[in-house]
Visitor: 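Here you go, one structure.
Naming: A, B, ... by sequence-line order, numbering from 1 per chain.
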Amino acid sequence: MEPLTTVRVALIAVFTLLGLFFTFVSMTGVIRLPDVYSRAHTASQADTLGAGFALAAVALTVGLAGSGFKSVLLLFFIFVTNPTAAHAIARAAFEDGNVPWTEGDERR
Amino acid sequence: MGVTPVADGIVVPVERTATLRATVGHAAAEAAEAGADALHFVYLAAWRDDDPHVERLRQDATDLLEQVAVWAEYDLEDANAPDLRIETAILGTDAYLFGPGQYAERLHEYADANELGTVLLDPEYTPVGNTALLQPMEFELSSTGLTVREAPVDRPSRRERIVSELTGLRFGAVFALSLLFYFVLGDPTYPFDFVTGVASAAIVAITLSQVTLDHDPTLETPKRIVRGAVYVPVLLWEILKSNVVVARVILSPSLPIEPTTTRMRVLVGSGLPLTTLANSITLTPGTLTVRASDEDLIVHTLIPWAREGLFEGSLERWTRLIFYGREAARLPTPKERGDCDVLQGPDATADLPFAETDGGERVEDAAESKSEVTDE
Amino acid sequence: MTVADTVVAGGLTVGDFLLYAAAGFVVLALGMTYRAIRGPTMQDRVLAVNVLGTNTVVILALLGAGLGEPTFLDIAIVYALLNFLMAIAISKFTVERGGVL
Amino acid sequence: MNALLPTASVPLAVSPVEVSLFAFVILTAVVTALARDVLSSIIVFGAYSLGMAALYTFYRAPDVAMTEAAISAGVTTVLLLLTIAKTSRIDHEVAFESVHWPAVGAVGLLGAAMASTLAEMPVVGDTNSPVWSNPDVTQYYLANAYAETGVENAVMSVLASYRGFDTFGEAVVVFAAGIVTMLVLRREVFA
């Protein structure tokens, strides 16, 4: 294996695993956290980062010259749309009169 | 059906709508003014008594009628007519009601039986679950000899005008952007892709250029893009840093979170700068923009560390740098300006603004939902 | 020879590795469906499905890279946009019934 | 490059991706069927469509996947939402329907009967499947389709002419949909 390929393969592995890790954090958060607002935190953030790492790994595998550019474009989309969607959902909850959870409340 | 009833009472069919409170107020005022001797509120049920699981629906209807009666009593006292009789009833529980005709028929029967002459309608009332059927119902009612009126209450429109003026520059910008997007995915040297690309971009530009941009692109635009490009790595680093912190919090068994809602007055323009800032806040873990209106951001924070970071205002400064240049970025932090409030928890400095979320008209709604939430 | 075919260890190529990662993402998606099913509020469900959508996009991209089919990325882009549309439409719907479109 | 077709380099019949995707799709399908609240059902159905489309993509049918995503996850969701916006929504105390076991049994039996034929199906991309190993049929169609049916597109000639009875029902549905569309449009325009 050429040294450059070794570095690239290593980076792919690291990025994929990081992506899996942050998506795992996101899933744990979505399951564990007490209300829709705090769940929206991990859903929008940890998940965006997880997706970002995984897509970076994909871009490295495919190669930027060819279709890799598309995964960069995809990454851009996710970074723009995910927080917007999370905001829309949180705002819907807020306008529905959902009171944010504070310490001592029952878990929902 | 009998003789035309004497016009000395008002009947109002009710349902949970945004204009119900105002309708009740109007009905009370009208009844007091006309010297009517009874004010009736009826609930036309879409279910039958022998349906399964109907208890909850009946309870809901009863609650609503009680609430309406309380409002009406209060309003009548205000109008100096505290002796006016208020009656409530649930109608139509013996059969399913289909179509506005049957709604009108039930109302007419009830009005006859109680000698009521006027029907006052909530403009948002939904017979058979559909506002569009209100007019057919009014028509049916008008042929029964009852006086039918819609309460003159408006629902303030929440939709703003989003269509802006069409200029050549905006059209060109949208066209160029969509064409670029198409060519990135396709192959511009291949004639088929080229032609379909131009056609699609033209369609997009014709249909959407009036809603996509509300300012003409200027010489500032490329500068903003360059400064934005500088911002991206900074933002990525912030995201990574705080993601690690939040991941530690979420994965720790005791789940040490302290969620609070905060309000921050930010000094960026509306439109794209505000969107950028709100999205950046949402992207950095621990903070989530819940509402963004004018210059007020309502931000939900997961841990105190994130709240402190938010009030330091570095994201706000970056947004100002991107959109207005370096001089604009020098300003005191929101904390120093005193532009931030904590809305929940022991450090609360202001109330949760549910009342003002909708121009004030949904105060009751918000209160209702609040109690619903705590009931669950 | 492309990067996807590079053998890492024990006959496992980078492509295979990415496929296993995709399977891992699907397993995480399964965990996420708990929230979509449980709720309790409608917004919780929308949130869960939004996260699931992002996951699907990632899974598609990983499949594309792992199987050597770059066209999958085009599908992933369509998904990302649709997913966004769905989240916005449903959130708008739950606040303002019938306010979609 | 040597694409990782199941027959080429992966000896096992199913890969972990398939297994997990199937689990996901079946779970969401069951929840869609059992949820009592229409809105929850629609939302979970959206998730189901996403999983289904990923599965189609995995089986190299990107066109079907694209349609599934656009129609099922996009258009259908919006149409269903509009529909319930026009009708009333009733709150349910119970989140799920009770399971009707005889129906489950009947569906299960039918599914099992269908599944029993699975073993006879060729693997995706199998070069020993009749289409490949015995190319006479394919060649026959390619050579004679136009002369015999007058349809220029060979795929269409098989679909609508050689297998005309198979696709008769489909053609009726498409025809009906076309008529309805015309009727609706006419009314919208002229009434």
Side-chain angles (χ1 to χ4, degrees), chain A residues 1 5-6 8-9 12-13 16-17 19-20 23-24 26-28 30-31 35-37 39-40 42-44 47-48 50-55 57-63 66-71 73-75 77-78 80-82 84-96 98 108, chain C residues 2-4 6-8 14-15 17-18 20-22 24-25 27-32 34-35 38-44 46-48 50-51 53-55 57-59 61-62 64-66 68 70-74 76-77 79-81 83-88 90-96:
Chain A
M1 238 194 278
T5 318
T6 318
R8 200 163 147 188
V9 169
I12 291 171
T16 315
L17 292 178
L20 270 171
T23 310
F24 174 72
S26 159
M27 184 201 75
T28 318
V30 167
I31 291 178
D35 75 340
V36 65
Y37 300 100
R39 281 171 210 145
T42 52
S44 64
D47 200 53
T48 311
F53 274 121
L55 288 175
V58 169
L60 274 176
T61 315
V62 181
S67 300
F69 192 77
K70 285 177 190 162
S71 68
L73 198 66
L74 202 53
L75 214 145
F77 271 151
I78 288 189
V80 174
T81 58
N82 243 6
T84 315
H87 163 68
I89 293 166
R91 182 178 160 168
F94 195 74
E95 294 200 357
D96 243 11
N98 233 328
R108 275 181 254 137
Chain C
T2 60
V3 183
T6 315
V7 177
V8 183
V14 171
F17 175 72
L18 290 179
Y20 279 109
F25 270 96
V27 172
L28 291 177
L30 272 172
M32 227 82 86
Y34 167 78
R35 200 37 88 189
R38 176 78 211 300
T41 65
M42 207 44 65
Q43 283 83 20
D44 280 306
V46 182
L47 191 77
N50 186 43
V51 176
T54 314
N55 259 11
V57 170
V58 172
I59 292 163
L62 285 172
T71 48
F72 284 12
L73 286 173
D74 293 323
I77 288 178
Y79 265 41
L81 294 176
N83 185 42
F84 176 60
L85 191 76
M86 204 162 103
I88 298 285
I90 303 180
S91 326
K92 203 164 153 39
F93 173 83
T94 53
V95 172
E96 214 178 303

Visitor: Write down the atom of A:S26, the atom of C:M32, and the distance for their closest heavy-atom approach.
Guide: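 Shortest heavy-atom contact: OG-CE, 4.3 Å.
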Visitor: In the structure I gave you, are the side-chain heavy atoms of C:L62 and A:T61 within less than 4.5 Å of one another anywhere?
Guide: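 No, their side chains stay 4.5 Å or more apart.
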Visitor: Which value, rounded to the nearest 0.5 Å, describes the distance between A:F77 atom CZ and C:L81 atom CG?
Guide: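 Nearest 0.5 Å value for the CZ-CG distance: 4.5 Å.
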Visitor: Do C:L73 and A:V58 touch side chain to side chain, with heavy atoms closer than 4.5 Å?
Guide: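 They are in contact (side-chain heavy atoms under 4.5 Å apart), so the answer is yes.
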Visitor: Taking all non-hydrogen atoms of both residues, which atom of C:F25 and which atom of A:A54 are closest, and how far apart?
Guide: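 For C:F25 versus A:A54, the nearest heavy atoms are CZ-CB, 3.9 Å.
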Visitor: Quick check for you: to the nearest 0.5 Å, what is the distance between A:K70 atom NZ and C:T71 atom OG1?
Guide: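 So the NZ of A:K70 and the OG1 of C:T71 are separated by 7.5 Å.
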Visitor: Between A:L60, A:T16, A:V9, which is the residue that forms a side chain to side chain contact (heavy atoms under 4.5 Å, CB included) with C:V14?
Guide: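 Per the side chain to side chain contact (heavy atoms under 4.5 Å, CB included) rule, the option paired with C:V14 is A:V9, out of A:L60, A:T16, A:V9.
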Visitor: Under a 4.5 Å heavy-atom cut-off, does chain C meet the side chain of A:A13, its backbone, both or neither?
Guide: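 Contact with chain C involves both backbone and side-chain atoms of A:A13.
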Visitor: Under a 4.5 Å cutoff for heavy-atom pairs, which residue among A:L17, A:L20, A:T84, A:L55 has the most contacts with chain C?
Guide: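 Of the candidates given, the most pairs with chain C belong to A:L20.
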Visitor: I need the minimum non-hydrogen distance between A:A85 and C:F84, along with the two atoms involved.
Guide: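 Shortest heavy-atom separation between A:A85 and C:F84 comes out as N-CE1, 4.0 Å.
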Visitor: Using a 4.5 angstrom heavy-atom cutoff, name the option from A:T81, A:L73, A:T42, A:T28 with the most pairs to chain C.
Guide: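 Sorted descending by pairs with chain C, the first entry is A:T81.
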Visitor: I need the A:D47 CG to C:N55 CG distance, nearest 0.5 Å.
Guide: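 With rounding to 0.5 Å, CG (A:D47) is 5.5 Å from CG (C:N55).
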Visitor: Among C:V27, C:D74, C:V57, who wins on heavy-atom pairs under 4.5 Å with chain A?
Guide: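 If we count pairs closer than 4.5 Å to chain A, C:D74 comes out on top.
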Visitor: With a 4.5 angstrom heavy-atom cut-off, could you sort out which part of A:I89 is near chain C: side chain, backbone, both or neither?
Guide: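 Both parts, backbone and side chain.
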Visitor: For A:L74 and C:A80, which heavy atoms make the closest approach, and how far apart are they?
Guide: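 Where A:L74 meets C:A80 most closely, the heavy atoms are CD1-CB, 4.0 Å.
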Visitor: With side chain to side chain contact (heavy atoms under 4.5 Å, CB included) as the test, would you mind laying out the steps for C:T54 and A:T23 before giving the verdict?
Guide: CA-CA 10 Å; C:T54 314; A:T23 310; over 6 Å; no
Visitor: Mind checking the CG-CG spacing from A:D35 to C:D44? Nearest 0.5 Å is all I need.
Guide: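 The CG atom of C:D44 is 8.0 Å from CG of A:D35, to the nearest 0.5 Å.
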Visitor: I need the minimum non-hydrogen distance between A:A40 and C:L47, along with the two atoms involved.
Guide: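 Between these two residues, the closest heavy atoms are N-CD2, 3.6 Å.
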